[in-house]
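For reference, the structure discussed in these notes is given below.
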Amino acid sequence: MNSRTCLVTYISFVFLFLYKAMGGGPMNTTSGFVAQPLDQSNFHIQKPYNVPLKQRYNLSNGVHKLWVLKTDKPHSKNSKTLPRTEIRFQGYDYSSGVWQFDAYGYVPHGTSGVCIMQIFGSKPPSATTTMLRVDHNKLAYYRYPVIFSNIYDKWFRLNVIHDVEGNNVQVYIDGVLKYDGPGRGGRSHYFKCGVYSQQDASFHMESRWKDIKILKKT
């Protein structure tokens, strides 16, 4: 390989890196991270307290299907929160380091006014560092900015990276950076996904998840 060929190859690699870094192509967000062991004991399902689990959650062929109704009760008798059916990942609460949620999600047509993924924990008065919310076929970081349009009826890969000391959160959709901004502090955090009713919720809210991983940066 002559020097001109080497230069052209080097420039091509530089442009490819910049193209991906600017959101023009998929990134490997899990490089430098280690997947943590997960089994069903790590999947704690929070659902309306007065209905059986099978009426709001199903696991089939590796796909977690969670749904809730606008008229449902909260997840405990003492809770004053809105209805939810969520997977709360136990055993991986964290207060330092860089952590990542990696999964494929699916939102069926009509689901709206609902949080489908969150990082719990923040400085008061907030309760969360991150909430990803679906409203009318769009996914937003809280209510703004919109990070993914036309979300209905398709599988998408979601990667959420939380740097605790750096107070930073990054959200990737299909390997493309869609949000990069500050967290909300707090001493303890954990990941959740599913459906958690918000304002202007549809009557039926549902999301599905597969290939779920929790990772920590080495």
Side-chain angles (χ1 to χ4, degrees), residues 16-39 42-44 64 66 86-107 114-123 126-135 138-149 151 154-196 198 207-218:
L16 179 61
F17 175 80
L18 292 175
Y19 175 74
K20 290 184 176 181
M22 294 175 67
M27 296 284 288
N28 179 13
T29 66
T30 62
S31 178
F33 286 78
V34 174
Q36 307 301 301
L38 281 180
D39 58 38
N42 300 112
F43 291 68
H44 174 65
H64 302 263
L66 306 100
E86 292 184 297
I87 301 172
R88 190 272 204 228
F89 294 94
Q90 295 186 140
Y92 293 109
D93 293 22
Y94 61 93
S95 58
S96 62
V98 183
W99 292 77
Q100 181 171 179
F101 174 86
D102 177 14
Y104 288 86
Y106 181 99
V107 180
V114 64
C115 169
I116 63 168
M117 187 271 168
Q118 60 174 303
I119 301 175
F120 190 83
S122 74
K123 289 183 179 179
S126 298
T128 61
T129 285
T130 296
M131 292 186 79
L132 300 183
R133 174 172 166 157
V134 174
D135 282 292
K138 296 178 180 179
L139 182 68
Y141 191 86
Y142 290 93
R143 302 203 76 163
Y144 184 82
V146 172
I147 60 174
F148 185 26
S149 299
I151 193 174
K154 66 184 71 171
W155 285 101
F156 59 92
R157 187 176 183 181
L158 174 65
N159 295 85
V160 181
I161 301 174
H162 183 201
D163 180 349
V164 179
E165 284 85 1
N167 192 36
N168 180 258
V169 176
Q170 294 181 323
V171 181
Y172 292 79
I173 303 291
D174 294 327
V176 178
L177 181 62
K178 296 294 185 177
Y179 179 84
D180 187 349
R184 295 187 174 190
R187 294 184 177 182
S188 182
H189 305 277
Y190 52 82
F191 296 116
K192 303 178 77 176
C193 67
V195 276
Y196 177 22
Q198 303 294 301
S207 70
R208 305 169 195 171
W209 301 89
K210 64 180 181 179
D211 300 332
I212 301 171
K213 299 180 182 68
I214 304 295
L215 307 100
K216 183 179 182 181
K217 194 167 189 179
T218 55

| side-chain hydrogen bond (donor to acceptor under 3.5 Å, both in side chains) with D102: which residues, sequence neighbours excluded? | R157, N159

| With Q118, which residues qualify under side-chain hydrogen bond (donor to acceptor under 3.5 Å, both in side chains), at least two apart? |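 side-chain hydrogen bond (donor to acceptor under 3.5 Å, both in side chains) check on Q118 returns E86.
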
| field | R187/D93 ion pair, N-O < 4.0 Å | value | no

Rounded at 0.5 Å granularity, tell me how far [atom1] in [X] sits from [atom2] in [Y].
X    : Y    : atom1 : atom2 : answer
Y172 : K178 : OH    : NZ    : 12.0 Å
Y94  : S188 : OH    : OG    : 9.0 Å
D174 : W155 : CG    : CH2   : 12.5 Å
N167 : K123 : CG    : NZ    : 7.5 Å
R184 : H189 : CZ    : NE2   : 12.0 Å

Between [X] and [Y], which heavy-atom pair has the shortest distance, and what is it?
X    : Y    : answer
I116 : W209 : O-CZ2, 3.3 Å
T129 : Y142 : C-OH, 3.3 Å
W99  : Q36  : CZ3-CG, 4.1 Å
S96  : E165 : CB-OE2, 3.0 Å
S207 : G194 : OG-O, 2.7 Å
I147 : L132 : CD1-CD2, 4.1 Å

| message | Is the shortest side-chain heavy-atom distance between Q100 and T30 below 4.5 Å? | response | yes

| Mind checking whether Q198 and M131 have side chains closer than 4.5 Å, heavy atoms only? |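 When only atoms from C-beta onward are counted, M131 and Q198 do touch, with a gap below 4.5 Å.
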
| Does the pair V107 and L139 meet the rule for a side-chain contact (heavy atoms from CB on, under 4.5 Å), with working shown? | CA-CA 10 Å; V107 180; L139 182 68; over 6 Å; no

| request: Could you point out which residue of F191, F101, Y190 forms a side chain to side chain contact (heavy atoms under 4.5 Å, CB included) with I119? | output: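 Of F191, F101, Y190, side chain to side chain contact (heavy atoms under 4.5 Å, CB included) with I119 is met by F191 alone.
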
| message | Looking at R88, is its backbone amide N or carbonyl O close enough to the side chain of Q90 to form a donor-acceptor pair, meaning the two atoms are under 3.5 Å apart? | response |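 Side chain of Q90 to backbone of R88, a donor-acceptor pair under 3.5 Å: no, none is there.
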
| Verdict with reasoning, I161 to V169, per side-chain contact (heavy atoms from CB on, under 4.5 Å) | CA-CA 6 Å; I161 301 174; V169 176; over 6 Å; no

| query | Are F89 and F43 an aromatic pair by the rule of ring centers under 6.0 Å? | reply | yes

Return the set of residues passing side chain to side chain contact (heavy atoms under 4.5 Å, CB included) with [X] (not counting sequence neighbours), or none when no residue passes.
X    : answer
N168 : D163, Q170, D180
P37  : Y92
S149 : K138, V146

Could you list the donor-acceptor pairs under 3.5 angstrom formed by side chains in residues 210-218, with sequence neighbours left out?
residue: T218; atom: OG1; partner: G32; partner atom: O; Å: 3.0

| Trace of the side-chain contact (heavy atoms from CB on, under 4.5 Å) decision for V98 with F33 | CA-CA 9 Å; V98 183; F33 286 78; 3.8 Å; yes

